[in-house]
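These numbers were taken from a predicted model, which means no experiment stands behind them.
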Amino acid sequence: MAYWLLKSEPGEFSLDDMERAGVEPWDGVRNYQARNWIRDAMQVGDQAFFYHSNCKEPAIVGIVSVASEPYPDPTQFDPQDKHFDPKSDPRRPRWYLVDVRFERRLARPILLKELKARPELAELPLVRRGNRLSVMPVTEAQWRFILRLENAATKA
DNA sequence: GCCAACGTTGGC
DNA sequence: GCCAACGTTGGC
């Protein structure tokens, strides 16, 4: 089983929205590196952190799981959709997605600030300079470390 | 609102 | 294939 981190802007789709939806197609990913992880590496049952980006308190706030095999993102073929890609050929789709299932909320948000302060997470793509990936891998060691932070007191 | 970092586009 | 211009991301 692999571990991931998925970014979402709470103004667009928050953890509350995710919980309400239960299962949601993770559409709109339009970055090739992120696409490759989705299409070539994600498997049903993989676990992922749900991260709130571009907001007042950027933080990991919940856990979701991969609920489907990768399949072509239908929004790329919909001219009315914000993520329409006229250059994508339906016979050879450019963009893929998986369905994502709400698992649980974390006991507390783990702020980006806090993640950045931990040397154990220095290699986590999220805290690396200039990172803009919306889908990124998390190692098992990083996953476990972050879960330990969940139940630890906030660093003074 | 600012701006650094990065990806993409398009002229050549 | 190079690279400048431009657009987007996303923390602050």
Count I, L, V, M, F, W, Y as connected when their side-chain heavy atoms are under 4.5 Å apart, and connections chain through other members. Are A/Phe77 and A/Val29 then in the same cluster? no
What heavy-atom pair brings A/Glu114 and A/Arg118 nearest, and what distance separates the two atoms? O-CG, 3.3 Å
May I ask you to list the residues of residues 28-36 of chain A, by number, that have any heavy atom positioned under 4.0 Å from an atom of DNA chain C? none
Step through the shown structure and confirm whether more than 12 heavy atoms of other residues, nucleotides or ligands are within 6.0 Å of CD on A/Glu120. yes
Hey, are the side chains of A/Leu147 and A/Phe49 touching, using non-hydrogen atoms and a 4.5 Å cut-off? yes
Under a 4.0 Å heavy-atom criterion, DNA chain B is touched by chain A from B/dA5 to B/dT9
Determine the contact category for A/Lys113: base if any of its heavy atoms lies under 4.0 Å from a base atom, sugar-phosphate if only primed atoms, P, OP1 or OP2 are that close, otherwise nothing. nothing
Can we call the ring centroids of A/Tyr32 and A/Trp95 under 6.0 Å apart? yes
Pick base, sugar-phosphate or nothing for A/Lys116, based on heavy-atom distances below 4.0 Å to the nucleic acid. sugar-phosphate
Quick one: pull up CZ in A/Phe145 and CG in A/Leu115 and give me the separation to the nearest 0.5 Å. 9.0 Å
Can you confirm whether A/Pro25 sits close enough to A/Tyr71 that some side-chain heavy atom of one is under 4.5 Å from a side-chain heavy atom of the other? yes
Kindly state whether the ring of A/Phe50 and the ring of A/Trp26 have centres lying under 6.0 angstrom apart. yes
Nucleic acid contacts - residues 123-133 of chain A versus DNA chain B, non-hydrogen atoms under 4.0 Å: A/Arg129, A/Gly130, A/Arg132
Applying the 4.5 Å side-chain criterion to the ILVMFWY set and letting contacts propagate, would A/Val23 and A/Val135 be lumped into a single cluster? no
Assigning hydrophobic clusters by single linkage (Ile, Leu, Val, Met, Phe, Trp, Tyr; side-chain heavy-atom cutoff under 4.5 Å), is A/Val138 placed with A/Leu111? no
